[in-house]
Amino acid sequence: MDSGSRLPSLTALFFLIFSAKEQDAKCEPKTDIAFIKTHKTGGTTVMQILHRLGYLRNSSFLLPQTDINNLYPYGLFNPKLYLPPIQHGHGILTHHTVYNRPAITKHLSENSTFFTIIREPLSHLKSTFSFYRLSRLMDDYESTDMEAMLTFLANPGRYDTTFNTKSPGRPVSFTRNPMALELGFPVHKLQNTTANPSSEDIKNFLQSLSRELDLVMVMEYFEESLVLLRRLMCWDLRDILYLKYNSYEYGNVTVPPGLVDKHKRWDSVDYALYEHFNRTLWEKIQKEGSDFTQELDHFRVVENKVRTHCTSPKDKLPTTVEGSPWNTQFQIDSALCTWLKTSHMCYWTLLRDRSLKFHISTDQRKTPPLRKKPDLFYVKLSRKLRVSSGIHSPPFCLLCGEVQKYCSDHEYVSHLYQEGHISSLQSSSNRLELQGGWHGGDPLPPA
Ligand SMILES: *[C@@H]1O[C@H](CO)[C@@H](O)[C@H](O)[C@H]1NC(C)=O
Ligand SMILES: *[C@@H]1O[C@H](CO)[C@@H](O)[C@H](O)[C@H]1NC(C)=O
Ligand SMILES: *[C@@H]1O[C@H](CO)[C@@H](O)[C@H](O)[C@H]1NC(C)=O
Ligand SMILES: *[C@@H]1O[C@H](CO)[C@@H](O)[C@H](O)[C@H]1NC(C)=O
Ligand SMILES: *[C@@H]1O[C@H](CO)[C@@H](O)[C@H](O)[C@H]1NC(C)=O
């Protein structure tokens with residue numbers, strides 16, 4: 001018997017006895033969530049977690065209506081750009097929008113948990129250059145993105161104007177304090193490209209953010225941030241599992257110290273933001289006490305199990321994850337893998353489809369018009385786009401064309417099962433004539 005392998009479970013048992021009860025007593029899982037999704041910071045991975053959580057709990061998401069970027073930057077002010085709530089008001093915001101607390105609490109409970117995620121500014125710049133191919137907008141078309149970034153850093157004021165004219169109407173500079181701007185730093189204080197915001201402005205900004213946000217996650221410490229989030233929300237560890245995606249590789253470049261200094265001056269609010277919230281993240285972790293590290297280790301072990309299971313090409317029998325102070329016992333099975341892998345575009349589509357169905361059936365029942373009628377744009381569109389019949393047609397879906405575009409058949413059938421449209425694969429598969437076949441794994445959880 002390998003005594004080493006017994007140790008974690010004994011430790012877990014200890015905490016099960018001494019801390020689980022204490023946590024249970026004061027902890028109610030929270031599902032009112034305002035996640036301020038910043039660009040190029042790992043936000044899509046966080047959004048994916050929130051999509052899964054809220055989708056499976058039937059939460060009402062504040063959703064962009066026709067374009068995934070409808071809420072960005074100021075879509076919350078325009079009712080044509082988002083869908084009305086199902087239930088009494090929206091529960092979750094997770095799509096890109098510029099942080100504006102009053103605009104958000106008009107839709108969400110004032111008691112929602114507000115959080116965001118930031119990233120080390122130089123690494124943020126590299127990612128931005130690479131993702132948006134900013135080299136294309138500079139003089140030397142031949143250079144790689146990372147070479148172009150070095151040229152840019154030698155003279156940022158000259159090039160940033162070029163970048164901005166390419167995105168009219170967007171308040172965001174790609175390179176100059178982009179995170180601070182998305183978190184509500186006043187745009188007018190950054191319009192002068194030669195002057196830096198005063199340290200007083202920065203101080204006020206950081207103070208109000210510290211007061212208003214319940215958590216600022218840091219991409220460099222993603223797992224630590226997730227564990228803090230789990231504790232803050234009283235969720236189960238299962239709720240914060242993720243499969244990383246939407247990450248892009250970029251060239252490996254060393255930026256000379258002189259250019260780093262220039263970047264620090266150019267991007268001063270973001271550096272201050274990062275320094276402040278990286279510090280407070282670690283202060284929070286200190287305050288959590290010694291079982292934080294134990295939870296983090298446990299989380300990493302479970303994450304590995306999940307990743308191995310869900311990325312394995314062959315069907316596997318479900319694996320059990322034993323209970324711990326941080327999670328109840330659960331199965332890693334094909335349903336969990338499916339909802340972990342579903343892309344944000346598919347979630348967005350399924351959530352809108354669910355929302356439209358709700359509104360349309362509400363209208364048909366002639367209930368008092370509690371809420372604004374959604375635009376029938378989508379219903380018309382889906383009729384036009386309808387490519388096949390069977391389950392890819394009403395009443396199963398309304399956005400049928402988009403469902404076909406963004407969700408695999410496997411995801412969609414799992415969705416129909418989730419919604420109670422079909423009771424089990426066994427009884428339905430003969431009737432479902434899907435084109436393209438299944439996409440890996442058991443299509444459905446066992447009946
Ligand atoms: C969500 O809605 C579906 C369909 O109405 C229902 O079967 C399911 O039990 C609901 N889930 C939760 C957690 O309320
Ligand atoms: C928010 O919380 C406060 C204090 O717990 C409570 O009085 C208030 O009713 C809550 N507001 C909403 C919209 O739930
Ligand atoms: C921008 O700031 C610089 C330095 O503070 C100042 O000299 C210049 O007049 C400002 N330009 C505008 C348009 O405000
Ligand atoms: C990046 O380059 C440095 C020095 O050239 C090297 O030591 C490092 O391993 C490289 N990193 C990656 C991720 O390729
Ligand atoms: C974040 O803060 C920690 C603790 O102070 C420090 O060790 C680390 O270097 C900081 N991380 C970055 C990327 O600056």
Side-chain angles (χ1 to χ4, degrees), residues 26 28-34 41-42 50-62 85-93 101-102 104-114 117-127 179 212 214-225 228 234-236 238-239 255 260 263-264 267 270-288 292-293 296 330 335-336 339 347 350-351 353-362 365 395-397 412-424 444-445 447:
K26 57 183 185 219
E28 271 292 310
K30 295 179 196 164
T31 49
D32 284 334
I33 300 160
T41 53
L50 300 179
H51 271 154
R52 183 176 83 250
L53 183 113
Y55 169 82
L56 293 173
R57 293 180 194 191
N58 301 331
S59 301
S60 179
F61 283 76
L62 178 43
I86 53 181
Q87 303 152 11
H88 329 283
H90 286 297
I92 301 180
L93 166 69
R101 197 174 185 97
I104 294 170
T105 53
K106 258 173 48 187
H107 301 279
L108 268 68
S109 161
E110 56 181 314
N111 296 335
S112 301
T113 304
F114 279 74
I117 180 166
I118 57 173
R119 176 182 194 166
E120 194 284 314
L122 192 57
S123 137
H124 188 274
L125 182 74
K126 290 177 187 171
S127 171
M179 294 187 287
E212 293 175 15
D214 299 288
L215 178 66
V216 175
M217 300 172 66
V218 174
M219 196 188 105
E220 282 71 25
Y221 308 102
F222 193 68
E223 288 166 327
E224 287 86 345
S225 299
L228 281 180
C234 301
W235 291 343
D236 190 284
R238 191 179 5 169
D239 296 326
V255 181
V260 175
H263 187 233
K264 285 183 177 165
D267 201 29
D270 272 8
Y271 273 91
L273 178 77
Y274 187 80
E275 193 279 323
H276 179 88
F277 285 108
N278 179 39
R279 184 163 43 74
T280 55
L281 180 91
W282 286 99
E283 284 167 8
K284 280 187 176 170
I285 291 172
Q286 291 300 316
K287 283 199 197 117
E288 289 294 318
F292 185 88
T293 316
L296 188 62
F330 67 98
L336 177 66
W339 298 121
Y347 272 121
L350 297 179
L351 289 166
D353 198 74
R354 187 189 268 175
S355 164
L356 287 168
K357 268 187 208 145
F358 171 84
H359 288 289
I360 285 162
S361 63
T362 306
R365 276 187 259 117
F396 296 108
C397 49
Y412 178 50
V413 172
S414 303
H415 169 70
L416 294 180
Y417 177 82
Q418 180 69 28
E419 299 291 89
H421 276 301
I422 50 179
S423 54
S424 77
L444 291 177

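Throughout, numbering of the chain's residues begins at 1 and tracks the sequence. Both ligands and their constituent atoms are indexed starting at 1 by order of listing.
Between the Ser225 side chain and the Tyr221 main chain, a donor and an acceptor come within less than 3.5 Å of each other. Under a 3.5 Å cut-off, the side chain of Arg101 and the backbone N or O of Glu212 do form a donor-acceptor pair. Judged purely by atom type and a 3.5 angstrom limit, Glu220 uses its side chain to pair as donor or acceptor with the backbone of Glu120.
The cationic atom of Arg354 (NZ for Lys, CZ for Arg) lies less than 6.0 Å from the six-membered ring centre of Tyr55 and within 45° of the ring axis.
Residues that satisfy the salt bridge (charged side-chain N to carboxylate O under 4.0 Å, His left out) test with Asp32, not counting sequence neighbours, are absent from this structure.
Listed by atom number, the atoms of ligand 1 under 4.0 Å from Leu56 heavy atoms are 13 (C). Proximity to Asn58 (heavy-atom distance under 4.0 Å) selects the following atoms of ligand 1: 1 (C), 2 (O), 3 (C), 8 (C), 10 (C), 11 (N), 12 (C), 14 (O).
A salt bridge links Glu275 with Arg279; the closest basic N to acidic carboxylate O contact falls under 4.0 Å. Remark: Asp214 does not engage Lys30 in a salt bridge, criterion side-chain N to carboxylate O under 4.0 Å.
On a distance-only criterion, Glu419 and ligand 1 share no N/O pair closer than 3.5 Å.
Listed by chain and number, residues touching ligand 5 at under 4.0 Å (heavy atoms only) are Tyr221, Tyr274, Asn278, Trp282.
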